Amino acid sequence: MPAPKEIKRISEVIWEIPETYKKGMRVPARIYATKQLLDAMDEGVFEQVTNVACLPGIQKYALCMPDGHWGYGFPIGGVAAFDFDGGVISPGGIGFDINCGMRLVKTNLTLEEVKPKLKELVDLLFQTVPTGVGATGFVKLSNSQFDEVMVKGARWCVEHGYGWKEDLERIEEHGAIKGADPSKVSKKARERGIDQLGTLGSGNHYLEIQVVDRIFDHNVANSFGIEQEGQIVVMIHCGSRGFGHQIATDYLKVFLDAMKKYGIPLLDKELACAPIDSPEGRDYYSAMLCAANMAFANRQVILHRVREAFEKVFKKSAEELEMHLVYDVAHNIAKAEEYEVDGKIKKLLVHRKGSTRSFGPGHPELAEIYKDTGQPVIIGGSMETGSYLLVGTKRAMEETFGSTCHGSGRTMSRHKAKKEINYNQLIKQMEERGIYVRAASKSGLVEEAGAAYKNISDVIEAVDRAGISRKVAALRPIGNIKG
DNA sequence: ATGTTC
């Protein structure tokens, strides 16, 4: 679908829809994309990103990344920052899967060493990391322990033997965001989440064994633990499971009523929101952070299982295998961050939905190990087309509220993929290309076929050219576990 | 994404 005729080209990869496009827009909308990606975007993206531009307290621009596509209320690939003074918080700007995110682990193994053991490794991981809809995990929690997980996130896991102390400095916010309040979480959300720690889930969630295909920046790659092409790494993509989903559902309902109370005009029911500084807004923020911390903990337990599986298969300790965490980063979340707006430093609530934080060198919130380089940015492609490791930039801080893209973005609906792609053929094609896959369901696998997604390389070129993150390494899948 | 239309 073509972009609206009012769209203006700002640079090679930035496009702007002015405030005059639609009644009620408070700021312009900006889309980061090559001409080719822009032309391929669905009409819904333009509609949704300009709707977001109408929300109270929005700052500078409503943004959409090159992997943008139609989502619930806000586009997936959307970034929107709201002033704490007068601005709103919206579950639609965060996503149902709160703190869906990516985790990347390195090893010192090479492709040659892993190839003969690949099936054994993937089969073992498929047993120890539960996948699929409704999967439950092996970590048994009491209600008070689950409260601790909501507040302490990945730190709770490390304190209970699931991981290494050094893992914590390699996670966004050290794996535990301050401000989570378990008393703001419904009983139903608690019941759905309590046995889901260490589970992958379904949809586009996966655990993948990958090989470093190409290194673009050797210095930065090295500092992240990526030393050579042919090195094996493991990527984990999952979030807060039914727990975050229930919290989003609960507060969408609360916010629809709150909007009437606060006199916020309703453009679209999916854009339900509340003032950040209102009882409803504060409650959702505190509950949302419980789900964010649970997701960090979820990925931490999965990392622990990955280390255990490698230890068993390669008969060496995870320390000997140098299985250090490269990074863990969220791509569905809202964060309190400070940015310069009109020459003044303001505290903003940055909503990233299908968008990854991309803090550049010297950012005060980054751990010492990333101060010189900027933070690692982990971008998962589809299971066939490969993934990327990027690094954050100063330019992202200036232009996109410290944000970049998150993945490939679908081009084919799940329904269409199920109709057009044959399961047995897909498995065979993947095996021919050296990818061994185990999936919880046949339909789940075909829905995630590479053919159903945009080309990840096009998306990466767009963010790299825009300078809102830079290419560090390209990663290619060899083994995959899917929900 | 999701005890996949509580």
Side-chain angles (χ1 to χ4, degrees), chain A residues 44 48 67-78 90-103 129-137 146 185-207 236-254 256 269-270 272 284 287-288 290-292 294-296 298-299 302 329-334 351-356 380-383 406-410 412-419 439-448 452-453 481-483:
Chain A
Q48 291 189 320
D67 48 344
H69 55 111
W70 172 268
Y72 185 93
F74 288 55
I76 294 162
S90 174
I94 294 169
F96 278 87
D97 189 8
I98 296 163
N99 191 3
C100 186
M102 307 296 307
R103 180 173 279 231
V129 182
T131 59
V133 178
T136 55
F146 194 33
V185 171
S186 71
K187 187 162 169 274
K188 199 169 173 184
R190 177 183 288 278
E191 281 168 359
R192 283 181 72 174
I194 196 162
D195 56 5
Q196 293 186 316
L197 215 53
T199 65
L200 206 52
S202 65
N204 65 356
H205 289 164
Y206 58 78
L207 190 164
I236 299 160
H237 178 213
C238 65
S240 52
R241 309 281 286 101
F243 183 58
H245 191 275
Q246 189 61 47
I247 289 169
T249 305
D250 291 340
Y251 281 94
L252 277 166
K253 219 174 291 170
V254 172
L256 277 177
K269 178 163 86 52
E270 296 183 358
Y284 170 61
M288 185 269 295
C290 290
M294 185 273 192
F296 285 132
N298 190 23
R299 294 194 287 271
I302 293 173
V329 67
H331 56 225
N332 274 11
I333 201 162
H351 291 57
R352 299 191 182 95
K353 182 205 197 166
S355 165
T356 312
S382 74
M383 62 189 173
H406 88 301
S408 334
R410 297 193 77 86
M412 199 188 283
S413 70
R414 292 182 180 278
H415 180 73
K416 197 175 171 206
K418 263 189 277 197
K419 260 191 351 201
S441 85
K442 286 189 182 184
S443 62
L445 187 82
V446 294
E447 284 176 10
E448 298 300 325
Y453 281 87
I481 293 160
K482 289 206 85 71

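Here is the naming used below: chain letters follow the sequence lines, and residue numbers restart at 1 for every chain. Quick caveat: nothing in here was measured; it's all calculated off a predicted structure.
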**Message:** With a cut-off of less than 4.0 Å, is there a side-chain N or O of A:Ser202 near OP1 or OP2 of B:dT4?
**Reply:** no

Atom CG of A:Leu252 and atom P of B:dT2 are separated, to the nearest Å, by 16 Å

Is the shortest distance from a Lys or Arg side-chain nitrogen in A:Lys442 or A:Glu447 to a carboxylate oxygen in the other one below 4.0 Å?
no

Would a distance-only check, ignoring hydrogens and angles, find a side-chain to backbone donor-acceptor pair under 3.5 Å from A:His205 to A:Leu200? yes

When rounded to whole Å, the CZ to P distance for the pair A:Arg241 and B:dT2 reads 5 Å

Here the distance between atom C1' of B:dC6 and atom NZ of A:Lys253, to the nearest Å, is 7 Å

Classify A:Glu447 by what it touches in the nucleic acid, base, sugar-phosphate, or nothing, heavy-atom distance under 4.0 Å.
nothing

- Query: So what does A:Gly203 hit on the nucleic acid, given a heavy-atom distance under 4.0 Å: a base, only sugar-phosphate, or nothing?
  - Reply: sugar-phosphate

Rounded to whole Å, the NE2-C1' distance (A:His245 to B:dT4) equals 9 Å

In whole angstroms, the gap separating P of B:dT2 from CG of A:Leu200 amounts to 9 Å

Separation of B:dT4 atom P from A:Lys442 atom NZ, nearest Å, is 22 Å

A:Ile247 CD1 to B:dT2 C1', in whole Å, measures 13 Å

Under a 3.5 Å distance rule, please check whether A:Asn332 uses its side chain to pair with a backbone N or O of A:Gly101 as donor and acceptor. no

For this session: Flag the pair A:His237 / A:His331 as yes when their ring centroid distance falls below 6.0 Å, and as no otherwise.
Result: yes

note: A:Ile98, atom CD1; B:dT2, atom C1'; distance rounded to Å ~ 12 Å

